[in-house]
Amino acid sequence: MNDKTPPPLASHSLIWSDHSLKVLDQRRLPQQMHYDEYTDAAGVAEAIASMRVRGAPAIGIAAAYGVVLSAMSHYPAADWQDRVAADMAGLAASRPTAVNLFWALDNMRAAIGSHPTDPIPALTALAQRIHSDDIAANLAMGERGADIIGDTQAVLTHCNAGALATGGYGTALGVIRSLHKRGKLAQVYAGETRPWLQGARLTVWELAQDGIPATLIADSAAAWLMKSGKIDWIVVGADRIAANGDVANKIGTYSLAVLAKQHGVKFMVAAPTSTFDFDLNSGDGIHIEERDARELLPACYLDDGSPIDAWNPVFDVTPAELITTIVTERGAIMQPGRHGVGSLAPC
Ligand code: MRU
C-alpha cells in the first residue's frame with residue numbers, strides 16, 4: 001500500500017467494548033481510518049451531530065450504545081433514571097430526520113422501565129441486539145432486493161447506504177452486494193452526493209473493497225445517465241418512511257425519482273422496518289434537517305462579512321407514487337401505499 005492508497009475498511013463503523021463505543025470518523029474517510037472512543041452519552045450525541053457516525057441505522061445503533069454508557073455513568077444514583085432521561089434528550093436532539101434514532105431510544109426507554117434495578121446487563125444486551133438485528137435485516141433485504149431486480153446491466157445509487165451507514169452489509173449496498181455475488185450486476189454508478197460527498201468518499205470506496213465495479217458520477221449527470229439507457233434501477237436507502245409510503249432520504253433522492261419516472265427506470269428503496277414511522281400520516285410531516293450553510297459554501301465565501309448565503313437542506317421526501325418497491329427484512333411492498341406499509345406495522 002503506497003501513501004496514496006486509502007486504508008481498507010477493516011471492520012465496522014461502530015465497535016462496542018465493555019465500557020466504551022468506538023466510532024469510525026467517517027468525515028476523514030477514505031484518507032484516514034480513525035476511531036474516536038466515547039464513554040458517555042454526550043460524546044455519542046456529538047459524534048452523531050457532527051456526522052462522525054452517519055446513516056439512519058448506524059445513528060440508531062450508536063444512540064442505543066449511548067444510552068448504555070449513560071446508565072453506566074449514572075446507575076446506581078437515586079435519580080439515575082432522570083439523569084439517563086436527560087442524556088436521552090441530548091441524543092434525540094442530535095439529528096432530526098432519521099427515525100431509527102427515535103426508534104432505538106424508544107426501545108431503550110422501555111428496557112429502562114422494565115429494569116429499575118441492575119439495568120446495565122439488560123441495556124447492553126438490547127443495544128447489542130439492535131446492532132446484530134440490523135445486520136441480519138440487511139442480509140435478508142439484500143437477498144430479497146436481488147430477487148426482485150433479477151438481472152440488471154447497471155444500477156445507480158445515491159449517498160452511502162452501505163456497511164458504513166448501518167450495523168454492516170448495508171441496505172441499498174446490501175442489495176447491490178447480493179446482486180454482485182449472484183453475478184447479476186455488471187456495473188454500479190454512484191452519485192457524488194454533495195455537499196458531504198458520501199457517494200464520492202464512501203460508496204465508491206466501500207464497493208471497490210468488495211471488487212464491485214463502481215463508477216462515480218456528478219449528481220448533475222444522473223439525467224444524462226438515464227437518458228443513455230445504461231441503468232435499469234435506482235437503489236437507495238431511507239431515513240424515514242411515512243405510513244403512506246413517502247420516503248425521506250438524502251437530498252437529491254427526490255430528483256432521481258422524478259428523473260426515473262421520465263426515463264422508465266425502476267426505483268427501489270431498501271430499508272429495515274426500524275426506518276418506518278408507522279404513526280406518521282405522510283411525508284409532509286417529516287422534519288427535514290437543514291445544516292449549517294458553511295457546509296455548502298465554498299471556502300472563498302466563508303469569511304466573516306461575506307454577503308453570500310446558502311440553503312442547505314440535507315434530506316428530501318420522495319412521494320410514494322414515484323417508488324417501484326420498498327424492500328424490508330419482513331417483505332417487499334410493490335407500488336407502496338398505506339395498505340402495504342400497514343401490513344409491515346407491528347401488531
Ligand atoms: O446525512 P447522512 O449521511 O446521515 O444521510 C444518510 C442517508 O441519507 C442514507 O441514504 C440513509 O440514512 C440510509 S443509510 C442505510
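Numbering of ligands and ligand atoms starts at 1, following listing order. What you see below is based on every heavy atom in this structure, not just the backbone, and it leaves out hydrogens, waters and symmetry mates.
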Atom 15 (C) of ligand 1 sits nearest the protein heavy atom Thr171 OG1, 3.1 Å
Pairing of Asp232 and Lys266 as salt bridge, 4.0 angstrom limit:
no
Tell me the protein heavy atom at minimum distance from atom 3 (O) of ligand 1, and give that distance in Å.
Arg54 NE, 2.5 Å
Considering the options Ile176, Ile234, Ile231, Val236, which one meets the side-chain contact (heavy atoms from CB on, under 4.5 Å) requirement together with Val155?
Ile176
Regarding Asp40 and Ser73, is there a side-chain donor-to-acceptor distance under 3.5 Å anywhere?
no
Closest approach of any protein heavy atom to atom 5 (O) of ligand 1, naming residue and atom
Lys250 CE, 3.3 Å
Please verify whether a non-hydrogen atom of His158 lies at under 4.0 Å from ligand 1.
no
Suppose I only count heavy atoms of Arg95 and a 4.0 Å limit; which atoms of ligand 1 are within that range?
1 (O), 2 (P), 4 (O)
Check: of Ala271, Gly55, Ala270, Ala238, min heavy-atom distance to atom 13 (C) of ligand 1 comes from Ala238
Quick one: which ligand 1 atoms are inside 4.0 Å of a heavy atom on Thr166?
15 (C)
With a 4.0 Å cut-off on heavy atoms, does Trp196 reach ligand 1?
no
Of the side chain and backbone of Ala161, name the one, both, or neither that has a heavy atom under 4.0 Å from an atom of ligand 1.
both
Cluster question for you: counting only ILVMFWY and a side-chain heavy-atom cut-off of under 4.5 Å, with indirect links fine, are Tyr169 and Leu179 together?
no
Atoms of ligand 1, numbered as shown, that sit under 4.0 Å from any heavy atom of Gln198:
1 (O), 2 (P), 3 (O)
Could a heavy atom of Glu289 be found less than 4.0 Å from some atom of ligand 1?
no
Could you tell me whether Glu206 and Arg201 make a salt bridge, using a distance below 4.0 angstrom between a side-chain N and a carboxylate O?
no
Protein residue, atom and distance nearest to atom 14 (S) of ligand 1, heavy-atom basis
Ala165 CB, 3.6 Å
Could you state the interatomic distance from OH (Tyr75) to NE2 (His115), rounded to the nearest 0.5 Å?
11.5 Å
Out of Ile333, Ile241, Asp246, Thr318, which one pairs with Ile323 under the side-chain contact (heavy atoms from CB on, under 4.5 Å) rule?
Thr318
Cation-pi check, Lys250 onto Phe315 ring (under 6.0 Å, within 45° of axis)
yes
Under 4.0 angstrom from ligand 1, any heavy atom of Asn249?
yes
Show me which atoms of ligand 1 lie under 4.0 Å from any heavy atom of Met51.
1 (O), 3 (O)
Hey, could you give me the CZ/CG distance between Phe267 and Leu259, rounded to the nearest 0.5 Å?
10.0 Å
Starting from atom 12 (O) of ligand 1, locate the nearest protein heavy atom and write down its residue, its atom name and how far away it is, to 0.1 Å.
Ala56 N, 2.8 Å
Give me the residue, atom name and distance of the protein heavy atom closest to atom 7 (C) of ligand 1.
Asp239 OD1, 3.2 Å
N-O pairing of Asp36 and Arg52 below 4.0 Å
yes
In terms of side-chain geometry, is the basic nitrogen of Asp147 or Arg144 positioned less than 4.0 Å from the acidic oxygen of its partner?
no
Ligand-side contact atoms (ligand 1) for residue partner Phe315, heavy atom cut-off under 4.0 Å
1 (O), 5 (O), 8 (O)
